[in-house]
Novice: 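To start, I am sharing the structure in question, which I have written as structure tokens.
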Amino acid sequence: MASPAPRLPVAGPSSEPKASMLKRMGGPSDLKAGVGRGGIRTAEEIQHIVHEVSKRSKYFKDQERRDRELQVKVDKLKGRLAQEELTARGDEEDKADAILKELEETRDLSRVIALIDADAFYAACHVRVNPELEGKAFGVGGGMLTTASYGARKYGCRSAMPFFIAQKLCPHLVSLKLEPDLYVKASREIFAVLSKYGTIAPASLDEAYVDLTQYCADQDVTPTEAITRLRAEVQATTGLTVSAGVSPNKTLSKIAADVNKPNGQFVIDPTREACMEFIQGVRLRKCFGIGRVCETLLNGIGLETVGDIFRDRAKLYLVRHHLGQSAHFRFLLGLYLGLGRNRVKRAKRGDRKTYGVEKTFTPTSDPGKLDDVIRRVAKSLAKDLKRADFSGRTVTLRIKHADFVSVTRAHTPGKNIYLRDYKDLVRIGLMLLHKEIDERPKLIARGEEVKGGRNPVLKARLLGLRVGNLRDERALAKANKLDGWVRVSSRSTPEIELSDSDTDVQRDSDLDDDEDEDDDEADPGKRALNAVMRDAAIDPFADAGDGEGGVKKEDAACDPAAFGGASGSGSGSWMCVDDYDNDAEDEDAEVVRGRFGVHRGATVPKPSQRRAQQPSSSTIVQGSSLAAASRAGSPPKRKSPAAEDASANEKGKKRRIRKEEEEAAKPASGNEWTCPVCDKVFAGSEAAMSGHVAKHFADDEPPARPKVKVKKECGSLGGGGMGGSKVSSKTKVKGKGRKG
DNA sequence: ATACATACC
DNA sequence: AACTGGTATGTAT
């Protein structure tokens, strides 16, 4: 942070940029994703250049709005604190100390947990096959940079930065096309090595936790020796360098891995003193789960580092209910103590909560184009659901207005109505969208609040659909001892009468269209995964059920949670999750958690139901008048949802969809990623796929420990909304018996 | 049940 | 000109 005298190359006749905005736009270049030492530009230069380039954009305006709102929050919090201090009883520190004592008792220093993180992974993958790139300043990715090489980072370029901005920072910046195969291969190689040292839990393509406890014991080596060997072996066998953090838990290891990056390691001794000493000076923002908002709030009341949590524990106690989910008192105290989760485990299929697809496009108000986007999104989502064999009860539409402000609108057709088909998703999606479009002018006329400006005509830059309240059709089928698939009606009417033939044909033709011709067979996910892992000779993953599964609980699953327990059960509640997850009784587990019962729906034909047999796309394309009609007709008036639905059922629909897609607003970014395991397609975001892939690896960890009963969770601390603590008591309970 | 905010990769 | 996509989870209503 200390930066030399500001020599700002930027012209800025306009008013002084706000410091908060400079920091915001400059992004995490100074902290979380640290640009670090050796920079050619100072933090100030970077901030000002970025500011200059983007200050007139809508994106910037939106950021300013957020900045203002955040400032209001900070002021409010300060006010609260001032007020509370007036009536403080003076025993706040004692209260905090009592909790600290309680948390301290949960400390577990028995394990050796490492977090391995590849250095500039995507960039390094390119260098590996093209040594000439060594040392050069280049970025990977087109519109948005997936990664910047270290050569480019010196100029302030970083991942998730739009290319045009990165280019301003580094004029000679080169952009390399994304080559997913390259990264997947490298990732596989790295994980293969890691798995020789212990149980691993990938958090993304280039990052994984490894439990070195057993290795250290078996080899009779220190954690330092173990991680030194591991890193050397990774480099020797893959040519890629990784950085690592080692400590008794994930929280500390994650932070430690950043200390000597790149190509470095940091080991924290398994003692209370070492753990606490290490974390005291850490900036709050570096901690998993503390994002921009939380950091700003805490800064607002005087805290900068983890150590300050203790110093200001009385303050924190006073405003403990106003910190926002991610900053719950316990979570912060646990952080101060250097506590964290220490189980390296994977999530399961049943942990999945939602499926969704969203698309960004050139902002438009054209109803036809918006409808088309919904169709494309619905189609894609239906395909995902079918592939993964899930259905859900609630459909949520997300609209991001042209000014970047977004809203969500949800619809749940009925208590026992589970959806998964294209036609249902489009119908509901269009219904929600049209309702929003139609209501808008009325609300504005009435002078009511609306997002996205005051123009009565809705103009959007993104539309997305998400399905929640999931039901695992596979588990359901298993529970019912059915061999084939089981499905519930997808009609909007509670009457579940399915005209099977209809729906089926429907489904198949709808979704397939282009690619999925081969997706399901016996167990596509498993096959694919095995294929992926084969070369790497990793077996622990042998059984990755399907393409989906829990997620990035990883860290999450780890830390904040540990403090979550309300008084008392801190880690206990976690155990519940861990144990459950690790449980051997998978079958039972599935049964229990699989929400079954339900399902009075019709049984559907076997899986294989051939989409394979569907007409070839060429045939389809030949198609007919429907398409022409529908698009030529592009009626000034929109069809009613019902009509839409009906038409969707038409035979020529496929073709029509295809055509419409071509006409839909163009995606803002052209990148496409295909998951190597399940073939799910990700548009424009490597990060999304990266996280997704981890789930496959994570999908089925060999059962490890006997189940342990745990109790409650704590009220307020749920661990929190922060990225981290994903598991809440609710989740836990749910996990065990989600029902329809 | 719905809407929104925060966080992570 | 131009700033992603997918998922989880907590709070509030």
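In what follows, every chain begins at residue 1, and chains take the letters A, B, ... in the order their sequences are listed.
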Novice: Need to verify one output field. Residue with the more 5' nearest nucleotide on DNA chain B, A:V293 or A:R409?
Specialist: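 Between the two, 5'-proximity favours A:R409.
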Novice: What is the distance, to the nearest angstrom, from the CZ atom on A:F404 to the P atom on B:dA5?
Specialist: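 It is 16 Å, rounded to the nearest whole Å.
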Novice: Quickly work out the A:Y209 OH to B:dC8 C1' distance and round it to whole Å.
Specialist: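 Interatomic distance, OH of A:Y209 to C1' of B:dC8: 11 Å.
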Novice: Classify A:R466 by what it touches in the nucleic acid, base, sugar-phosphate, or nothing, heavy-atom distance under 4.0 Å.
Specialist: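 If one applies the 4.0 Å heavy-atom cut-off, A:R466 turns out to touch a base.
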Novice: Could you tell me the separation between the CE atom of A:M21 and the P atom of C:dC3, rounded to a whole number of Å?
Specialist: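 Result: 15 Å.
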Novice: Rounded off to whole Å, could you give me the CD-to-P distance for the A:E358 and C:dG6 pair?
Specialist: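 About 5 Å, once rounded to whole Å.
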Novice: Here's a test of your reading of the structure: between A:T354 and A:L462, which maps to the more 5' nucleotide of DNA chain C?
Specialist: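 Final value for this comparison: A:L462.
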Novice: Please check if any side-chain donor atom of A:D67 sits under 3.5 Å from a side-chain acceptor atom of A:Q71, or the reverse.
Specialist: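 Side-chain D/A pair, A:D67 to A:Q71: absent.
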Novice: Take the protein atom CE of A:M161 and the nucleotide atom C1' of C:dA2, then report the distance between them rounded to whole Å.
Specialist: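 Rounded to the whole Å, the gap is 13 Å.
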Novice: Any base atoms under 4.0 Å from A:S406, or only sugar-phosphate, or nothing? Heavy atoms, all strands.
Specialist: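 If one applies the 4.0 Å heavy-atom cut-off, A:S406 turns out to touch nothing in the nucleic acid.
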Novice: Rounding to an integer number of Å, can you tell me how far A:L205 CG sits from B:dC9 P?
Specialist: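 These atoms are roughly 13 Å apart.
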Novice: What I want to check is whether the side chains of A:D117 and A:S243 have a donor and an acceptor closer together than 3.5 Å.
Specialist: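 Result is no, nothing qualifies.
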Novice: With sequence neighbours excluded, tell me which residues meet side-chain contact (heavy atoms from CB on, under 4.5 Å) with A:D403.
Specialist: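 Expected list: A:H401, A:V405.
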Novice: So what does A:V407 touch, heavy atoms closer than 4.0 Å: a base, only the sugar-phosphate, or nothing?
Specialist: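 Sugar-phosphate contact only.
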Novice: Should the side chain of A:S54 and the base of C:dC3 be counted as holding a donor-acceptor pair, with the cut-off at 3.5 Å?
Specialist: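 Donor-acceptor pair under 3.5 Å: yes.
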Novice: Who passes side-chain contact (heavy atoms from CB on, under 4.5 Å) against A:A208, sequence neighbours left out?
Specialist: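 A:A208: side-chain contact (heavy atoms from CB on, under 4.5 Å) contacts with A:F191, A:L194, A:P202.
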Novice: Can you measure A:K58 atom NZ to C:dC3 atom P for me and round it to whole angstrom units?
Specialist: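 Interatomic distance, NZ of A:K58 to P of C:dC3: 10 Å.
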